[in-house]
Amino acid sequence: MPELPEVEAVCRKLRRDAVGALIERVIVYRARSTHPQHPSELERAAGQRIESIERRGKNILIHLSGGLVLRVHLRMTGNLFVVPDARLHSERVRVCFALQDGRGLVFEDTRALGVINLHGTEDLDRVLSDIGINPLTRAFTPEWLVQAASASKRPAKLFLMDQSIIAGVGNIYAAEALFRARIDPRKPMNGIRRPKLEALHAAIVDILRQGIKAAVIAYSKPGDYSDTRFIVYDRKDEPCNTCGRKIQRIVQGGRSTYFCPGCQC
DNA sequence: TCGATCCTGTAG
DNA sequence: CTACAGGATCGA
């Protein structure tokens with residue numbers, strides 16, 4: 001489920017629902033979800049108030065009183081939201097923060113690959129020191145991308161998905177941005193010419209912004225948010241909207257890459 | 001730079 | 001049954 005746009009949607013909802021709430025009790029149902037910390041570490045959040053919500057790439061940072069920060073990574077199937085009654089939630093909930101008003105902030109995660117940790121402000125910086133540029137800030141310019149590209153000979157798709165370069169782009173939006181910019185996902189980054197990189201820059205920003213809009217709407221409704229269709233992602237053997245050739249699926253870095261062999265060459 | 005690994009669920 | 005899933009980390 002979550003790449004930058006979906007994580008951003010989760011954060012916006014939490015700002016509305018969770019900020020100001022007092023954490024009364026922490027219940028860890030699945031010890032490994034706090035890896036590498038011991039579940040008891042999380043219990044230090046009890047008695048603290050939720051002051052603000054921040055997003056760094058795909059990380060959700062919940063700033064608490066007392067200088068503590070909860071860091072949540074949703075990985076593949078995680079979700080984080082407030083339920084009206086802390087005692088009533090699904091069996092997929094790995095951690096529950098019981099709030100003083102009776103509600104619950106729950107970390108739900110079907111595949112249980114997600115992680116939730118508690119940090120002091122010092123070691124938070126250390127944990128996040130490897131995070132790349134925020135593609136939705138003014139620092140992310142075409143010039144920045146040209147520079148970064150010149151320093152990497154990795155295939156374009158893997159470059160985009162590297163969280164230490166650009167923070168937040170994942171498998172779907174990488175594929176979509178490359179299609180929009182008509183770049184072959186296998187092409188070494190340092191071999192892509194400036195006009196293409198400028199197009200890629202615009203595509204990344206556009207697609208993420210549009211993704212946030214869609215995700216905010218999807219997350220505001222109950223139920224299923226996986227009904228969105230994409231231009232190339234998950235469209236193996238379907239005809240390209242632009243040229244009609246069949247979308248191809250290849251594997252890069254152990255992940256599926258979808259692209260149009262006609263448009264992206 | 002691979003491949004395995006952490007997990008559960010769904011589609012074919 | 002197998003393949004694959006919107007992520008990241010680890011060791012070879």
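Order of the sequence lines fixes the chain letters, A, B, ..., with proteins taken first and strands second; residue numbering starts at 1 for each chain.
Separation of the P atoms belonging to B/dG3 and C/dC4 is 14 Å when rounded to the nearest angstrom. Only the C1' atoms considered, C/dT9 is 23 Å distant from B/dG9, to the nearest whole Å. For the C1' atoms, the distance linking B/dC2 with C/dG6 amounts to 22 Å, nearest Å. Using C1' as the reference atom, C/dC1 and B/dC6 are 23 Å apart when rounded to the nearest Å. With both ends at atom C1', the span from B/dT10 to C/dA8 equals 23 Å, rounded to whole Å. Between the P atoms of B/dT5 and C/dT2, the separation comes to 16 Å (whole Å).
A/Arg235 and A/Tyr258 get closest at one heavy-atom pair: N-CD2, 3.9 Å. For the pair A/Arg194 and A/Val146, the tightest heavy-atom approach, listed with the atom from each and the gap, is NH2-CG1, 3.8 Å. Scanning all heavy atoms of the two residues, the minimum distance from A/Ala215 to A/Pro5 falls at CB-O, 3.6 Å. The nearest pair of heavy atoms linking A/Cys243 to A/Cys260 is SG-SG, 3.5 Å. Between A/Leu136 and A/Val205 the shortest heavy-atom distance is CD2-O, 4.4 Å. Minimum interatomic distance between A/Thr77 and A/Thr110 (heavy atoms only, all atoms of both residues): OG1-N, 3.6 Å.
Taking atom CG on A/Asn59 and atom P on C/dT9, their separation rounds to 9 Å, with Å as the unit. Whole-Å rounding puts the A/Asp109 CG to C/dG7 P distance at 13 Å. What separates CG of A/Asn171 from C1' of C/dC4 is a distance of 12 Å, to the nearest Å. Atom CD of A/Glu3 is separated from atom P of C/dA5 by 13 Å (rounded to the nearest Å). Going from atom CG of A/Asp130 over to atom C1' of C/dC10 covers 15 Å, rounded to whole Å. As rounded to whole Å, 8 Å separates atom P of C/dG7 from atom CD of A/Gln163. In this entry the distance linking CZ of A/Phe230 with P of C/dA5 reads 14 Å, nearest Å. In this entry the distance linking CG of A/Asp234 with P of C/dA3 reads 18 Å, nearest Å.
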(message) What verdict does the side-chain contact (heavy atoms from CB on, under 4.5 Å) test give for A/Ile183 and A/Phe259, after you've listed the backbone C-alpha separation in whole Å, the side-chain angles of each residue and the deciding distance to 0.1 Å?
(response) CA-CA 9 Å; A/Ile183 293 169; A/Phe259 72 103; over 6 Å; no

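Counted within 6.0 Å of NZ on A/Lys187, heavy atoms from surrounding residues, nucleotides or ligands total 12 or fewer; the atom is thus considered open.
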(request) Assign a letter to each nucleotide of nucleotides 6-12 of chain B from its 5' end: B, base within under 4.0 Å of a protein heavy atom; S, sugar-phosphate only; -, no contact. (result) BBBS---

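The phosphate of C/dC4 has neither OP1 nor OP2 within less than 4.0 Å of any side-chain N or O from A/Lys236. Put simply, A/Tyr233 has a side-chain N or O that comes within less than 4.0 Å of OP1 or OP2 on C/dG6.
Ring pair A/His89/A/Phe107: centre-to-centre distance not below 6.0 Å.
Consecutive Watson-Crick or G-U pairing (both distances under 3.5 Å) extending over three or more pairs maps onto DNA chain B as B:1-6 with C:7-12, B:8-12 with C:1-5.
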Using atom types as modelled, flag every donor-acceptor pair under 3.5 Å from a side chain in residues 61-74 of chain A to any protein atom, sequence neighbours excluded.
residue: A/His63; atom: NE2; partner: A/Glu54; partner atom: OE1; Å: 2.7
residue: A/Ser65; atom: OG; partner: A/Gln48; partner atom: OE1; Å: 2.8
residue: A/Ser65; atom: OG; partner: A/Arg49; partner atom: N; Å: 2.7
residue: A/Arg71; atom: NE; partner: A/His119; partner atom: NE2; Å: 3.1
residue: A/Arg71; atom: NH1; partner: A/Asn59; partner atom: OD1; Å: 3.1
residue: A/His73; atom: ND1; partner: A/Arg75; partner atom: N; Å: 3.0

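Here C/dC4 is the nucleotide among C/dG6, C/dA8, C/dC4 with the atom lying nearest to any side-chain atom of A/Arg249.
Heavy-atom distances under 4.0 Å link DNA chain C to A/Arg255, A/Ser256, A/Tyr258 of residues 254-261 of chain A, given in residue order.
For A/Glu51, there are no salt bridge (charged side-chain N to carboxylate O under 4.0 Å, His left out) partners, not counting sequence neighbours.
Note on A/His73: only backbone sugar-phosphate atoms sit closer than 4.0 angstrom, heavy atoms only; bases stay farther off.
Under the 3.5 Å distance criterion, with hydrogens and angles disregarded, a donor-acceptor pair is assigned to the side chains of A/Ser90 and A/Glu108.
Taking a 4.5 Å side-chain heavy-atom cut-off between Ile, Leu, Val, Met, Phe, Trp and Tyr, the cluster of A/Ile217 contains only that residue.
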